[in-house]
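These notes are about the structure you will find just below.
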Amino acid sequence: MKAVELMRNYDPKDFEERIYSEWKEKGEFSPSSSDKEHFSVVMPPPNVTGILHMGHALNNSLQDIIVRYQRMHGRPTLWVPGTDHAGIATQNVVERQLQKEGLRRQDLGREKFIERTWSVKEKHHDIIARQLEKMGCSCDWKHERFTMDEGLSRAVREAFVTLYERGLIYKGMYLVNYCPKCGTALADDEVEYENVPGKLYDVRYPYADGSGYITVATTRPETMFGDVAVAVHPDDERYKSVVGKELSLPLTDKKIPIITDRFVDMEFGTGMVKITPAHDPNDWECGKRHNLEAINLLNPDGTLNGNVPEKYRGMKAEEARALVVEDLEKGGYLVKITDHAHDVGHCYRCHTTVEPYLSEQWFVSMKSLADKALKAWKDGDIVFYPRRWENTYQHWMENIRDWCISRQLWWGHRIPVWYCQDCGKMIVSRTDPDECPECHSHSLKQDSDVLDTWFSSWLWPFSTLGWPDKTPDLEKFFPTNTLVSAYDIIFFWISRMIMASEEFLGKAPFRDIVITGLVRDIQGRKMSKSLGNGIDPIEVIDKYGADAMKFTLCYLAAQGQDVMIDMDSFRLGSRFANKIWNAARYLLMNIEGRNLVEIKREKLNVMDRWIYSRFNDSAREIADAMANYRFNESAQAIYSFFWNDFCDWYIEASKDRLFHGSDEEKDLQVSILMDILEKSMRLMHPFLSFITEEIYQKLPNHKGDVIASSYPEYDPLLDDKEAMTLVSSLQEASRVVRAARASLQIPPEKKLKVVVRIGKDNAASSFMNDELSLLSSFMNASEVIIDMEGKEDVKGALPASGIGFEAFVFVREAIDIESEIKKLEGEIEKNEKLLEGSVKKLSNEAFVSHAKPEAVEKEKSKKAEFEDKIEKAKAHIELLKSF
RNA sequence: GGAGGAUUAGCUCAGCGGGAGAGCGCUUGCCUUACAAGCAAGAUGUCACAAGUUCAAUCCUUGUAUCCUCCACCA
């Protein structure tokens with residue numbers, strides 16, 4: 001064989017891009033036609049708003065590892081990539097763009113606006129796809145989907161209409177969370193609560209008959225125009241007598257009653273609550289119980305409407321509040337203002353304060369869906385990794401609330417509902433109707449709202465495979481096997497996918513749900529755009545390579561723990577990749593003129609058997625870890641096998657036979673090295689995909705591409721306990737001698753005689769006796785004697801003991817003990833004098849109190865240094881005297 | 001108010017009933033026929049605190065403390 005030119009240094013830029021396109025061209029990412037059991041994963045679709053962040057990198061790295069691992073097990077494997085249209089988020093991006101041009105979306109009109117959004121989508125999509133490719137994701141691009149694709153849009157309509165037909169979708173006036181900035185309703189879980197300092201205003205409401213007043217507490221005095229009652233707790237003795245009396249609402253001439261309701265907390269404030277059904281969820285519920293009117297005070301843009309006195313109309317809530325408070329004070333109604341921190345809802349997209357807003361919206365009735373999803377979990381159809389997330393899942397499912405799915409946006413799936421302009425008939429249809437079934441009018445108008453983004457994402461595991469059609473893909477790859485996602489979208493997405501799958505296909509969409517941690521910065525903060533603390537995966541790849549990134553993330557991704565990283569963290573993976581590169585380079589350099597021979601078990605020596613056994617062990621560890629999605633354990637197994645066992649011990653041990661053996665021995669040695677290297681590339685490929693492919697291609701014994709090769713399986717026949725024990729004894733002996741040398745700082749060029757006293761009954765004794773030259777090189781010894789009879793003269797040698805043996809290192813040859821001791825004594829003397837001076841200085845009050853603090857500190861550290869040197873020298877002398 | 005997580009070496013974190021570990025950093029010595037992005041040796045810890053279970057506890061139970069996350073509520 002000829003040596004392989006791999007002389008250049010490790011630089012992922014030399015091959016990562018090239019290899020990716022080769023894989024892609026060869027169709028390696030498409031499922032094979034093997035008749036083994038299918039394996040499929042759907043990629044959580046990134047939003048087309050932005051570029052991928054570190055969280056995506058983590059997610060997709062883990063998916064890639066799983067997918068490559070399964071593919072190498074011969075299963076027809078499909079990983080479906082795609083993107084999400086991300087309604088609000090994307091619309092916001094485009095609106096911000098327009099804003100810069102001084103335009104509003106209304107200036108463009110719906111059609112033009114959507115056109116423009118599509119082009120933004122295209123642009124971001126291309127960036128995202130490019131990023132996934134750079135990461136090395138082995139997803140099947142032929143199966144790529146977008147949530148607003150034609151096919152997926154059809155799935156959305158099918159889902160909507162089906163649910164409607166099953167009576168699970170309804171429309172009505174409800175109090176919903178409303179973002180005035182985005183101009184749309186939000187689902188409950190799209191609201192983020194934040195504790196903010198605010199004020200609590202105590203306001204007097206006089207009795208209508210002028211017989212005095214009561215006091216209510218409120219954080220939002222400006223909503224008082226929507227008050228329809230004041231409530232007290234029915235058991236509240238203080239107010240029993242006033243229940244039923246009428247109050248006169250300040251600043252208006254409105255009369256409202258005092259009622260009782262159990263939701264009132266007697267302890268809070270005065271125990272009296274004003275009821276404003278249109279602007280508070282509790283009041284809304286209370287209002288329904290008492291049949292009270294809900295008076296909406298807001299326009300869709302968040303300003304006050306015609307239901308408030310004229311002077312406040314058109315004002316924003318905050319402005320109006322200030323003015324109302326002022327007016328209340330003037331009228332003598334304001335009792336006091338106290339500081340009051342409370343949680344205020346904000347839009348999860350634009351962070352504007354969310355208003356409870358009375359409006360007509362579409363809802364999905366969730367109870368029956370949740371029951372099925374809960375049953376799927378109880379039946380064991382889905383399993384969370386780690387298990388603890390099942391509590392969260394269960395809790396959410398058991399406390400499910402109806403899902404507001406309409407959004408007053410333009411970007412998204414139009415609600416498939418039409419209204420006849422002539423007879424008012426509502427038409428819910430899978431296809432666009434062109435005439436009213438009732439009056440045959442052609443004047444139909446589609447509902448102007450779009451659906452919540454998650455209404456398309458919750459269909460993702462099957463809509464991407466062709467549903468509602470019964471496609472071969474759906475047949476083969478549904479249900480999918482594993483879903484990898486972060487915990488922050490368990491409610492938004494994971495739970496709903498399970499509900500949709502159960503509802504529409506009667507099956508869970510996947511069995512294993514792998515919940516990853518969140519990627520945080522080194523201070524533990526969530527990476528975010530606004531903090532500017534994010535790390536761009538592409539920068540990481542440019543600096544360290546995709547392999548380094550994937551391996552590092554995998555190594556750090558312990559069972560759902562958050563991962564804290566900075567740019568430097570990726571050096572871990574980078575150094576490992578470099579190590580692999582150099583090991584391969586070295587081995588390939590030394591195959592010149594050698595032949596690959598058959599590796600017969602009986603020809604293997606103990607070291608060979610050991611490395612095979614260790615390799616086998618690692619394969620088992622990885623299989624165990626992967627079966628439980630313990631990625632960090634797999635990564636560690638690989639790391640320690642390749643670096644610590646293969647490089648540090650086996651390759652080093654092989655040098656003797658490789659450089660000094662017979663031709664036959666050399667051929668065997670090279671063959672074994674190539675065999676282990678080839679197996680290692682396969683073992684490591686899911687975790688370090690590019691470098692293993694690059695090296696694999698250059699191996700004399702490779703077959704095809706490593707991506708399409710088979711994964712090394714654990715083979716109990718290769719287990720070799722004997723070799724493991726023997727080699728660990730040899731390693732132990734080597735370490736003991738190395739440590740002894742190091743403690744005396746004997747330079748490497750001084751080679752010393754070593755006697756290893758080890759009983760005949762110890763199994764390692766004859767093995768070591770057979771491997772004298774190996775031991776010599778590990779111990780850097782001139783001569784190694786294995787003393788089984790205990791007869792060797794070890795006088796004057798430095799003893800170093802290990803488990804089951806003693807080693808004696810003849811250091812006399814390397815050092816002159818007498819003069820060494822003298823030298824050390826001289827050093828002690830010198831340092832003692834220095835120490836004395838130092839101590840004197842430091843005990844001098846004047847010095848300590850007057851000298852610069854730095855000088856005192858410096859003196860103190862000098863003193864410590866002298867003491868340390870003396871101590872060390874003394875110990876050194878003791879050591880020398882001891883032999 | 002409910003649920004969950006964290007607390008182990010200077011830093012970031014694995015581990016989890018019988019040996020306290022990794023990477024980085026640090027100290028010392030080495031350019032030893034791949035790798036200084038390396039090799040070899042080394043130091044560093046009442047495994048948060050307290051009680052209990054056990055022959056045995058970093059690991060199990062209970063409680064305490066500190067930090068974090070999620071859910072619900074807050075007039």
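All heavy atoms count here, side chains included; hydrogens, waters and symmetry mates do not. Below, chains carry the letters A, B, ... as their sequence lines are ordered, and counting in each starts from 1.
In this structure, Arg401(A) reaches the sugar-phosphate backbone alone: every heavy-atom distance under 4.0 Å involves primed, P, OP1 or OP2 atoms, never a base. In this structure, Lys274(A) reaches neither bases nor backbone, as no heavy-atom distance under 4.0 Å exists between it and the strands shown. Heavy atoms of Val264(A) sit under 4.0 angstrom from at least one base atom. In this structure, Glu749(A) reaches neither bases nor backbone, as no heavy-atom distance under 4.0 Å exists between it and the strands shown. As judged by a 4.0 angstrom heavy-atom cut-off over every strand, Ile490(A) is placed among residues making no nucleic acid contact. Arg735(A) comes within 4.0 angstrom of sugar-phosphate atoms only, judged by non-hydrogen atoms across all strands, and of no base.
Rounding to whole angstrom units, CD1 of residue Ile695(A) and C1' of rA34(B) are separated by 11 Å. Leu588(A) places its CG atom 20 Å from the P atom of rU33(B), with the value rounded to the nearest Å. Going from atom CZ of Arg741(A) over to atom C1' of rU28(B) covers 15 Å, rounded to whole Å. Between the P atom of rA37(B) and the CZ atom of Phe576(A) lies a distance of 18 Å, rounded to the nearest Å. One atom, CD of Glu633(A), and another, P of rA14(B), lie 11 Å apart when rounded to the nearest Å. Rounded to an integer number of Å, the gap from CZ of Arg575(A) to C1' of rC39(B) is 12 Å. In this entry the distance linking CZ of Arg520(A) with P of rC11(B) reads 19 Å, nearest Å. We find that NZ of Lys750(A) is positioned 16 Å from C1' of rC30(B), with the value rounded to whole Å.
By the stacking rule of 5.5 Å between ring centres and under 30° between planes, Tyr586(A) does not stack on the base of rC35(B).
Remark: of the listed residues Tyr487(A), Tyr393(A), Tyr629(A), Tyr393(A) is the sole one forming a ring-ring contact (aromatic ring centres under 6.0 Å, His included) with Phe384(A).
Asp566(A) contributes a side-chain N or O that, together with a main-chain N or O of Ser569(A), makes up a donor-acceptor pair within less than 3.5 Å.
OP1 or OP2 of rC39(B) lies within a sub-4.0 Å distance of a side-chain N or O belonging to Lys579(A).
Atom P of rC67(B) sits at a distance of 40 Å from the matching atom of rU28(B), rounded to the whole Å. Comparing the C1' positions of rU64(B) and rU7(B) gives an interatomic distance of 13 Å, to the nearest angstrom. When the P atom is used for both rU46(B) and rC11(B), the distance is 12 Å, rounded to whole Å. Using atom C1' as the reference point in both rC68(B) and rU27(B), the two lie 36 Å apart (nearest Å). The same atom, C1', is picked in rG63(B) and in rC73(B); the two are 28 Å apart, to the nearest Å.
By the 6.0 Å and 45° rule, Lys655(A) stacks over the aromatic ring of Tyr586(A).
Contact check on Lys13(A) versus Asp542(A) returns no salt bridge, with no Lys/Arg side-chain nitrogen under 4.0 Å from an Asp/Glu carboxylate oxygen. Taking the charged nitrogens against the carboxylate oxygens, Arg8(A) and Glu694(A) do have a contact shorter than 4.0 Å, which makes a salt bridge.
The listed nucleotides are rG5(B), rC30(B), rC35(B); the one nearest the side chain of Asn582(A) is rC35(B). Considering only the side chain of Phe491(A), rC71(B) comes nearest among rA41(B), rC73(B), rC71(B).
Leu673(A) has its side chain within reach of Tyr650(A): a pair of non-hydrogen atoms, C-beta onward, lies under 4.5 Å apart.
Remark: the Glu652(A) side chain and the rA34(B) base include a donor-acceptor N/O pair separated by less than 3.5 Å.
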